[in-house]
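To keep things clear, I will list the structure first and then write my remarks on it.
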Amino acid sequence: MLTSRCIVGITALYLRRQIKLQNRMSTFTRPVAAVCQVTATPDKQANFSACKKLVEEAKTQGASMVFLPEGFDYIGSSREETLSLSESLKGDIISQYTQLARKLEVWLSLGGFHERGPDWESDRRIYNSHIIINDKGDIVSVYRKSHLFDVELPEKGVSLKESAFTIPGPSLVPPVQTPVGKVGLGICYDLRFPELSLALQRTGAEILTYPSAFTVATGAAHWEVLLRARAIETQCFVLAAAQVGQHHEKRSSYGHALAVDPWGEVLGDCGGEKPGMVLVEVDLEKVKSTRRNMPVQQHRRDTKFYQSLEES
Ligand SMILES: O=C(O)CNC(=O)[C@H](CS)NC(=O)CCC(=O)C(=O)O
């Protein structure tokens, strides 16, 4: 009796282990994206170490592309500090990341790099740049944030003037083919402009990315609603890495790095407390079936149709 119960116990354990293994393997049937959240400070080296750990962990867990937020390099405590810490694409920070991508053979979305502008020596202005690095360590795309966050919300304690140090990007960039799908590039505040997401969708995006450093007040009110709306309108996956928590005495971010599927369902949420990541399987069949079943892109009228009210 005792013996047989024992065997039953062991068999049950064995079966449970098999099921676990099967579940684990089933999460690997599609390419995996890691959507990260960090608490960057003005300390660039510490920020790199923290991001590197997340990238290594994501790779170990099977991710083929890792998404880091706006300000992954640093969040400065003053305009002066933000400017003086900036670098060019050929500087140390980006070369550390290209080496990391090459060594781990993983793709990276670096969500908002403080990039010295073309006339840095004379005007000390930067771009806010979203950089895609492939698994060989090459920079394959650079998108420069086109909508700048100049916002005063006195009753919410929000006052930021991004244009005081940043040049608006000159253009959108075409979606990039990656191991998880075709990725359209935005940054943070760009999320509020559906024109941008539609333009990316029309040119082939299957995944939209909005690496962010949302304020706590605007994040609580708008973040998830906007991300899900962009996913539903475009029938794309939306992956949004985020900054979370306190960066320095004057600034905190909302967190909740999010992964949303083309139906608008939240697949993963990093919460509002601490750094971390969510791993999501990107099943591009979901993009196809959502678009097939409800072909809103085909139902959309031409641009003239929507402008007709302004002209009359
Ligand atoms: O300043 C840096 O170093 C990095 N850049 C940012 O943090 C940017 C510009 S201040 N933040 C946002 O766009 C927040 C948007 C937002 O919170 C909203 O749209 O509600």
Side-chain angles (χ1 to χ4, degrees), residues 36-44 46-48 50-51 67-87 91 93-94 109-117 124-131 142-169 185-197 208-230 238 240-258 272:
C36 298
Q37 84 178 6
V38 301
T39 308
T41 68
D43 182 342
K44 292 203 278 190
N47 298 334
F48 178 70
C51 289
F67 295 77
L68 293 173
E70 183 183 42
F72 69 94
D73 51 352
Y74 60 88
I75 297 285
S77 58
S78 66
R79 178 174 168 272
E80 220 8 78
E81 187 177 42
T82 298
L83 287 172
S84 66
L85 291 172
S86 67
E87 296 185 13
I93 293 194
I94 296 305
S109 151
L110 304 179
F113 168 64
H114 300 83
E115 181 196 4
R116 292 194 170 177
R124 287 177 60 83
R125 284 286 180 276
I126 59 177
Y127 287 121
N128 186 342
S129 304
H130 181 167
I131 299 159
V142 180
Y143 162 68
R144 298 176 172 101
K145 188 181 187 186
S146 37
H147 304 92
L148 300 183
F149 192 60
D150 288 357
V151 175
E152 292 282 346
L153 305 168
E155 72 284 8
K156 308 237 182 269
V158 174
S159 171
L160 284 166
K161 194 165 198 290
E162 192 173 21
S163 68
F165 50 94
T166 308
I167 320 163
L185 307 183
I187 303 176
C188 197
Y189 187 55
D190 283 333
L191 165 61
R192 295 180 181 270
F193 303 87
E195 295 87 342
L196 180 148
S197 61
L208 299 176
T209 46
Y210 294 103
S212 296
F214 251 56
T215 69
V216 174
T218 58
H222 302 155
W223 172 247
E224 182 176 327
V225 178
L226 287 171
L227 289 168
R228 295 182 64 198
R230 297 297 84 86
V238 172
Q243 291 283 347
V244 67
Q246 192 166 2
H247 309 292
H248 48 74
E249 66 282 6
K250 284 177 270 173
R251 186 142 171 217
S252 298
S253 293
Y254 177 65
H256 292 277
L258 218 67

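Counting convention: from 1, in listed order, for ligands and their atoms alike. All values reported here derive from a predicted model rather than from experimental measurement.
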[X] neighbourhood, listing ligand 1 atoms whose heavy-atom distance to it stays under 4.0 Å:
X: A213; answer: 7 (O), 11 (N), 14 (C)
X: H114; answer: 2 (C), 3 (O), 4 (C)
X: T218; answer: 16 (C), 17 (O), 18 (C), 20 (O)
X: T215; answer: 17 (O)
X: C188; answer: 11 (N), 12 (C), 13 (O), 14 (C), 15 (C)

Side-chain ion pair, R124 and E80, N-O less than 4.0 Å: yes

When you measure from the side chain of [X] to the backbone of [Y], do you find a donor-acceptor pair of N or O atoms at a distance under 3.5 Å?
X: H248; Y: G76; value: yes
X: Y254; Y: G272; value: no
X: S84; Y: E81; value: yes
X: S129; Y: I131; value: no

Ligand 1 contacted by K145 (non-hydrogen, < 4.0 Å): yes

Got the closest protein heavy atom to [atom], with its distance?
atom: atom 11 (N) of ligand 1; value: E70 OE1, 3.6 Å
atom: atom 10 (S) of ligand 1; value: L160 CD1, 3.9 Å
atom: atom 7 (O) of ligand 1; value: R251 NH2, 2.4 Å
atom: atom 19 (O) of ligand 1; value: R192 NE, 2.8 Å

Atom of L208, atom of R230 and distance for their closest heavy-atom approach: CD1-O, 4.3 Å

Region of F149 that comes within reach of ligand 1 [heavy atoms, distance under 4.0 Å]: side chain

Between D190 and Y143, a side-chain donor and acceptor under 3.5 Å: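 There is such a pair between these side chains.
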
Any V151 side-chain heavy atom under 4.5 Å of L160 side chain: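 Side chain of V151 against side chain of L160, heavy atoms only: no contact under 4.5 Å found.
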
